[in-house]
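Working notes, structure below.
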Amino acid sequence: MATSTVSPIIMRIMAASIKTSVKAASIIRDVLKTGDLGIVDKSNKNDTQIDPQTLADRSAQRCIIASLTKKFPSVKIIGEEGDSDLNVPSDWLVEDLDEAFLEQSCPSEWKDVKPEDFVIWVDPLDGTAEYTQGFVEHVTVLIGIAVKDAAVGGVIHQPFYKHPSGELGRTIWGLKGLGTGGFVPILPPTGQFIITTTRSHSNALHQQALNSFNATQTIKVGGAGFKVLQLLEGKAHAYVFATPGCKKWDTCAPEAVLEAQGGTLTDIDGNHYAYNASVEHINRKGVLATVGQDHAELVSKIPLEVRQAVGNK
Ligand SMILES: Nc1ncnc2c1ncn2[C@@H]1O[C@H](COP(=O)(O)O)[C@@H](O)[C@H]1OP(=O)(O)O
Ligand SMILES: [Mg+2]
Ligand SMILES: [Mg+2]
Ligand SMILES: [Mg+2]
């Protein structure tokens, strides 16, 4: 279709990411079906917990990076699983662009962004621990698009989301200046304050930060993508992660989608992370994400000594 060749590059990267996330999700489901996850522990000596990587993480990343590199050879792509073998089976190379996405008009601020100003942050499988433990609904595929320092676009795909028809998989996208798609946004209930937070990476300092909010309910789920979806679908008011551990590929796509829908995702001091290619990968100062709230007021609820201690070990 003519639109594919004339659309600005950001629209084509989004449209390719939407299609590629669907293929990555089918690879993730196929690996689970075989029952042989090929788990490797990536943790360092000083880590207190294992940091699992599975065949699904490795294969989904190869599919995503091979497909996007072929289409956008001069765009920098950084994936969680490091250097990947891009010599992939031909059916893992996704050539299609999502034509329905391309029919929308590109926000004027992104029309002339040059290929070298983009970084694509890929988390091929967010929620790996949950994937290995059978909490598969927490798993997402995350493809985040940064322009210079800012997270501006993203795709969050849920491989195990079950439609009423029984079909699996759903793709949610967001682009600042354009909006979001693939889900029905719902604001969280008034008169309550529900926090969504980690189920696998808590510690004493994190618990202290959680306590400062006096939440009416705290939901513990896996993955940065899944927690942001809970905000977008009105199941929680804030996502609190007051510990280092998650990385730029965990937050780039969720931040862009959430902010395209009017929410906010920052570190626990209320500052946005930078997503250019030279930043350190770790999000040292944790994550605070909110929707329909006074974000700065929520930052100020976390005691200063707690905020200063996070990431300073
Ligand atoms: N200490 C850590 N080490 C490695 N990855 C982490 C750590 N903390 C968080 N993450 C990543 O951030 C995601 C969200 O964390 P949590 O579920 O604890 O809130 C995790 O699923 C994991 O992403 P991934 O599964 O892609 O490795
Ligand atoms: Mg991981
Ligand atoms: Mg992740
Ligand atoms: Mg991952």
Side-chain angles (χ1 to χ4, degrees), residues 21 24-25 27-28 31-32 37-65 78-82 84 121-144 151 154-160 195-203 205-207 209-210 218-231 236 238-255 257-258 265 267-268 273 280-289 310-311 313:
S21 73
I27 293 171
I28 289 169
V31 170
L32 193 66
L37 299 189
I39 301 173
V40 172
D41 179 12
K42 297 193 290 177
S43 64
N44 302 314
K45 277 201 188 104
N46 313 341
D47 291 343
T48 51
Q49 287 162 283
I50 73 153
D51 181 10
Q53 181 207 62
T54 71
L55 176 61
D57 299 68
R58 296 186 287 277
S59 300
Q61 170 154 317
R62 290 177 63 207
C63 158
I64 296 167
I65 299 192
I78 303 174
E80 174 180 356
E81 311 311 341
S84 284
W121 292 93
V122 176
D123 186 343
L125 195 167
D126 183 48
T128 303
E130 287 71 23
Y131 178 71
T132 64
Q133 294 161 10
F135 298 100
V136 293
E137 67 279 13
H138 301 193
V139 167
T140 58
V141 175
L142 303 176
I143 305 177
V155 172
I156 303 176
H157 182 100
Q158 294 177 283
F160 298 96
I195 290 179
T196 183
T197 191
T198 181
R199 59 173 287 282
S200 55
H201 295 106
S202 190
N203 59 26
L205 205 53
H206 177 252
Q207 193 53 51
L210 286 182
T218 302
I219 307 171
K220 296 187 175 176
V221 295
F226 190 60
K227 283 191 266 296
V228 162
L229 285 177
Q230 291 196 308
L231 299 183
Y239 160 17
V240 181
F241 188 67
T243 171
C246 78
K247 319 274 184 338
K248 297 295 174 298
W249 43 74
D250 291 301
T251 50
C252 185
E255 176 178 329
V257 178
L258 183 67
L265 187 149
D267 67 16
I268 57 163
Y273 284 108
E280 67 168 349
H281 293 163
I282 194 160
N283 292 333
R284 223 164 263 289
K285 283 293 198 179
V287 175
L288 179 68
V310 171
K313 278 192 194 149

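Just follow the structure's listing: the first ligand is 1, and inside any ligand the first atom is 1.
For atom 2 (C) of ligand 1, the nearest protein heavy atom (residue, atom name, distance) is His201 NE2, 3.5 Å. For atom 21 (O) of ligand 1, the closest non-hydrogen atom of the protein is Gly127 N, 3.3 Å. In this structure, atom 17 (O) of ligand 1 lies nearest to the protein heavy atom Gly223 N, 2.8 Å. The shortest contact between atom 14 (C) of ligand 1 and any protein heavy atom is with Ala224 N, 3.5 Å. Here the protein heavy atom with the shortest distance to atom 11 (C) of ligand 1 is Asp250 OD2, 3.6 Å. Taking atom 10 (N) of ligand 1 as the reference point, the nearest protein heavy-atom neighbour is Gly245 O, 3.7 Å.
Annotation: Thr198 places an N or O atom under 3.5 Å from an N or O atom of ligand 1; distance criterion only. For ligand 1, the polar-atom distance check against Asp126 finds a nitrogen or oxygen pair separated by under 3.5 Å.
Side-chain atoms of Ser59 do not come within 3.5 Å of backbone N or O of Ala56 as any donor-acceptor pair. A distance-only check finds a donor-acceptor pair linking the side chain of Asp41 to the backbone of Ser43 [under 3.5 Å]. Using a distance-only test at 3.5 Å, with no hydrogens or angles considered, no donor-acceptor pair links the side chain of Lys285 to the main chain of Gly311. Remark: side-chain polar atoms of Glu81 are not paired, donor with acceptor, to backbone N or O of Thr54 under 3.5 angstrom. Checking side-chain atoms of Asp126 against main-chain N and O of Gly225 turns up a donor-acceptor pair under 3.5 Å. Using modelled atom types, one side-chain atom of Thr197 and one backbone atom of Val240 make a donor-acceptor pair closer than 3.5 Å. With Gln158 contributing its side chain and Leu229 its backbone, the two residues share no donor-acceptor pair below 3.5 Å. When atom types are taken as modelled, the side chain of Asn44 and the backbone of Asp47 share no donor-acceptor pair closer than 3.5 angstrom.
Contacts between Asp51 and ligand 1, counted as non-hydrogen atom pairs separated by less than 4.0 Å, involve the side chain only. Contacts with ligand 1 closer than 4.0 Å are made by side-chain heavy atoms of Lys247 only, the backbone lying farther away. The proximity of Glu80 to ligand 1, defined as any non-hydrogen pair under 4.0 Å, is limited to the side chain. The proximity of Phe241 to ligand 1, defined as any non-hydrogen pair under 4.0 Å, is limited to the side chain. The part of Asp123 lying near ligand 1 is the side chain, judged by heavy-atom distances below 4.0 Å. By the criterion of a heavy-atom distance under 4.0 Å, the backbone of Leu125, and not its side chain, is placed next to ligand 1. Heavy atoms of Lys227 found under 4.0 angstrom from ligand 1 belong exclusively to the side chain.
Test Pro254, Cys252, Pro124 against Leu142 for side-chain contact (heavy atoms from CB on, under 4.5 Å) and you get one pass: Pro254. In summary, of the residues considered (Lys248, Lys247, His281, Lys42), a side-chain hydrogen bond (donor to acceptor under 3.5 Å, both in side chains) with Glu80 occurs for Lys42 alone. Here the rule is side-chain contact (heavy atoms from CB on, under 4.5 Å) with Leu55, and of Val31, Ile28, Ile27 only Val31 fits it.
In the vicinity of Ser200, heavy-atom distances shorter than 4.0 Å reach the ligand 1 atoms 18 (O). For ligand 1, the atoms sitting less than 4.0 Å from at least one non-hydrogen atom of Gly222 are 17 (O), numbered in the order shown with element in parentheses. Remark: ligand 1 atoms within the under-4.0 Å shell around heavy atoms of Thr128 are 25 (O).
Looking at Val122 and Trp249, their side chains never come closer than 4.5 Å, going by heavy atoms from C-beta outward. Looking only at side-chain heavy atoms (C-beta outward), Asn283 and Asp267 stay at 4.5 Å or farther from each other.
The two residues His138 and Phe226 make their nearest non-hydrogen contact at O-CB, 3.4 Å.
Inside a sphere of radius 2.8 Å centred on the Mg ion (ligand 3), the protein N/O/S atoms present are Asp123 OD2, Asp126 OD1, Asp250 OD1.
Classified by interplanar angle (parallel below 30°, tilted 30° to 60°, perpendicular above 60°), the ring pair His201/Phe241 is perpendicular.
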